[in-house]
There are 2 protein chains.
Amino acid sequence: MRQRYDATASERGRTGARQRRDTGVPKQVDYEERRRRIADSVCSLIARSGMEAVSLRDVAADAGVSMGAVQRCFRTKDEMLLFALEHISARVGARAHTRLAQSPEPRSAATLLARTLSAIALADPEDRTDAQVWLAFVAHAAVSEPLAAVLCQTYTDLHDLLVWLIGYGKDTGEFRADADPELAARTLLALADGLTAHVLVGHRTPESAHDLLSRYAEGLAAPPR
Amino acid sequence: MRQRYDATASERGRTGARQRRDTGVPKQVDYEERRRRIADSVCSLIARSGMEAVSLRDVAADAGVSMGAVQRCFRTKDEMLLFALEHISARVGARAHTRLAQSPEPRSAATLLARTLSAIALADPEDRTDAQVWLAFVAHAAVSEPLAAVLCQTYTDLHDLLVWLIGYGKDTGEFRADADPELAARTLLALADGLTAHVLVGHRTPESAHDLLSRYAEGLAAPPR
DNA sequence: GCCGTAGTGATGCGACTGCATCGGAACGAT
DNA sequence: ATCGTTCCGATGCAGTCGCATCACTACGGC
């Protein structure tokens with residue numbers, strides 16, 4: 001059997017087939033890196049002309065590798081798409097955390113929350129590509145169980161992040177004590193996703209989306225009186 | 001030139017080619033009705049296996065007509081998809097108005113709003129099919145200008161309906177006087193769309209979605225004290 | 001030197017795609 | 001009866017799809 005990518009485990013080390021090491025590494029290729037490259041090409045194609053325009057040939061051409069190379073990285077097209085989803089899911093999650101971490105100096109809970117939300121909503125024009133890809137996967141997940149599972153996990157992670165953030169605001173006394181973190185997080189996550197879609201089809205502007213999210217975040221702030 | 005469907009105008013009456021009338025009607029077929037049938041099949045296929053699984057042959061088979069008949073109704077596949085989008089857009093809009101009109105007896109503004117919203121959100125299990133189709137079109141609209149235009153119009157109509165509904169609540173004094181109908185309508189529309197997606201991928205239950213929408217509607221109600 | 005193996009690009013294959021075209025059936029008019 | 005027109009289902013066609021398989025190269029171990 002050939003050496004091929006296994007979606008669930010990338011460990012090498014079949015019986016006796018020792019992994020080539022450090023310097024020598026004659027032909028061994030960095031599969032992780034190649035898979036990421038391919039996933040990026042998949043995303044790029046989806047953003048350019050939609051999910052149904054993704055073919056193995058076009059992906060290979062875009063990634064600058066042969067079709068055979070793509071097929072060795074992923075057994076089937078579905079496996080490739082699944083990996084691409086995990087890829088951008090991770091990117092969205094990472095972006096949310098990054099934006100949160102490097103938030104500017106007046107780190108009020110409301111500001112932190114708003115920044116995190118706009119990262120999740122992918123509202124900024126430079127995130128449009130990711131937003132298109134994300135939306136395409138969400139739509140496809142409605143008819144593909146494995147994709148839906150990955151999305152659910154990502155949503156849960158983001159939800160937990162929001163819950164923590166709101167709880168933090170309550171602890172500092174900046175958010176009203178009677179706020180329900182669970183409820184607010186659910187609302188905000190759905191709101192962010194809906195706004196993503198509205199911005200993409202041109203019904204809302206990115207600024208409007210950002211404004212709406214900020215307004216809701218402000219609604220959590222300040223004790224009633 | 002053959003007689004064919006024109007997307008923008010369905011009027012007959014080319015020079016001298018009189019339309020067959022009333023009783024005789026030998027072969028003349030009801031094109032409107034057939035187009036609706038085909039659009040239903042398109043939606044059914046999308047709901048079953050996604051937008052990229054829609055082919056002219058499968059649509060024809062599902063609709064119980066020949067492929068030639070489909071091609072005579074729609075010049076191209078894109079034209080067919082566009083019509084299908086208009087078809088379900090109209091259905092969603094109609095459903096919102098219907099649910100609003102036949103709302104049960106205690107017709108408080110909050111109840112009316114909540115019912116309308118759950119119609120828009122397509123949260124109920126029996127609307128799942130429509131929700132899948134809707135989401136698929138939204139995703140596709142991100143890379144297709146004509147589809148985006150139709151969606152924008154539909155969104156605007158729904159937005160106006162929500163604005164009117166909230167204004168109505170303010171007039172009756174049931175909603176707080178300082179509520180901003182525009183802001184609330186935008187938020188609610190995005191919230192409804194986001195919840196649709198979350199329910200479809202299984203991250204939220206329909207009940208949870210309905211609950212969230214009701215909570216927000218309640219937030220509009222009752223003067224601060 | 002030779003062999004085994006991992007990795008490569010190229011090509012083949014059957015299925016399916018959207019779209020164009022065709023011969024003929026069903027009718028009104030003459 | 002014979003047109004002319006309108007509608008119909010069937011088939012043809014060039015292109016593309018996902019996937020399998022190929023012959024070949026580059027290398028370490030012996």
Side-chain angles (χ1 to χ4, degrees), chain A residues 1-6 10 12-35 37-38 42 45 49-82 84, chain B residues 1-6 10 12-35 37-38 42 45 49-82 84:
Chain A
M1 185 201 287
R2 298 286 188 80
Q3 164 71 47
R4 277 199 154 156
Y5 171 59
D6 180 338
S10 56
R12 297 291 143 79
R14 287 169 50 238
T15 53
R18 299 289 298 125
Q19 168 75 343
R20 292 191 179 89
R21 34 185 85 256
D22 46 30
T23 50
V25 196
K27 233 356 181 4
Q28 190 77 347
V29 124
D30 186 345
Y31 274 89
E32 284 299 329
E33 138 76 9
R34 193 206 291 272
R35 258 180 269 138
R37 266 252 305 260
I38 292 176
V42 170
L45 280 174
S49 22
M51 168 136 282
E52 52 264 18
V54 174
S55 75
L56 294 187
R57 282 166 180 82
D58 292 349
V59 169
D62 188 281
V65 301
S66 77
M67 223 180 92
V70 176
Q71 292 183 268
R72 220 167 315 97
C73 279
F74 305 103
R75 263 189 293 272
T76 67
K77 186 187 181 185
D78 283 344
E79 207 172 73
M80 178 181 76
L81 291 178
L82 184 61
Chain B
M1 185 201 288
R2 298 286 187 81
Q3 163 73 47
R4 278 199 154 156
Y5 171 61
D6 180 339
S10 56
R12 296 292 144 79
R14 287 169 51 236
T15 51
R18 299 288 300 123
Q19 168 75 341
R20 291 192 179 87
R21 33 186 87 259
D22 48 28
T23 51
V25 196
K27 230 9 183 348
Q28 190 76 348
V29 125
D30 185 346
Y31 274 88
E32 285 299 329
E33 138 75 10
R34 192 204 291 269
R35 257 179 269 138
R37 264 252 305 258
I38 291 176
V42 170
L45 279 174
S49 22
M51 168 135 280
E52 52 265 17
V54 174
S55 75
L56 294 187
R57 282 167 179 81
D58 292 350
V59 169
D62 189 281
V65 301
S66 77
M67 226 180 87
V70 175
Q71 291 183 266
R72 223 165 310 100
C73 280
F74 305 103
R75 262 189 292 273
T76 68
K77 186 187 179 183
D78 284 344
E79 206 173 75
M80 178 180 76
L81 290 178
L82 185 61

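Letters A, B, ... mirror the listed sequences (proteins, then strands); counts begin at 1. All values reported here derive from a predicted model rather than from experimental measurement.
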Please state how far atom [atom1] in [X] lies from atom [atom2] in [N], giving the value in whole angstrom units.
X	N	atom1	atom2	value
A/E79	D/dG18	CD	P	15 Å
B/M67	C/dT17	CE	P	9 Å
B/K77	C/dC19	NZ	P	8 Å
A/Q71	D/dC22	CD	P	14 Å
A/R35	C/dG7	CZ	C1'	15 Å
A/L45	D/dC17	CG	C1'	15 Å
B/F74	C/dA20	CZ	P	16 Å
B/I38	D/dG9	CD1	C1'	14 Å

Can you see if the side chain of [X] gets near the phosphate of [N] - specifically, an N or O under 4.0 Å from OP1 or OP2?
X	N	answer
A/R72	C/dT8	yes
B/R75	C/dC19	no
A/R34	C/dT8	yes
B/S55	C/dT17	yes

### Residue whose closest nucleotide on DNA chain D lies nearer the 5' end, A/L56 versus B/G64
B/G64
### Message
Using the rule side chain to side chain contact (heavy atoms under 4.5 Å, CB included), only one of A/R34, A/R37, A/M80 pairs with A/C73; which is it?
### Response
A/R34
## Note on the structure
Per nearest nucleotide of DNA chain C, the residue lying toward the 5' end, A/S66 or B/A53, is A/S66
### Query
What distance separates A/S66 OG from A/Q71 CD, expressed to the nearest 0.5 Å?
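Those atoms lie 8.5 Å apart.
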Is there side-chain contact between [X] and [Y], with at least one heavy-atom pair below 4.5 Å?
X	Y	value
A/I38	A/F74	yes
A/M51	A/L81	yes
B/T76	B/E79	yes

### Task
Answer with base, sugar-phosphate or nothing: what part of the nucleic acid does B/V54 contact at a heavy-atom distance below 4.0 Å?
sugar-phosphate
### Message
Quick check for you: among D/dC19, C/dT17, C/dC19, whose closest atom lies nearest to any side-chain atom of B/D58?
### Response
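Selected nucleotide (nearest to the side chain): C/dT17.
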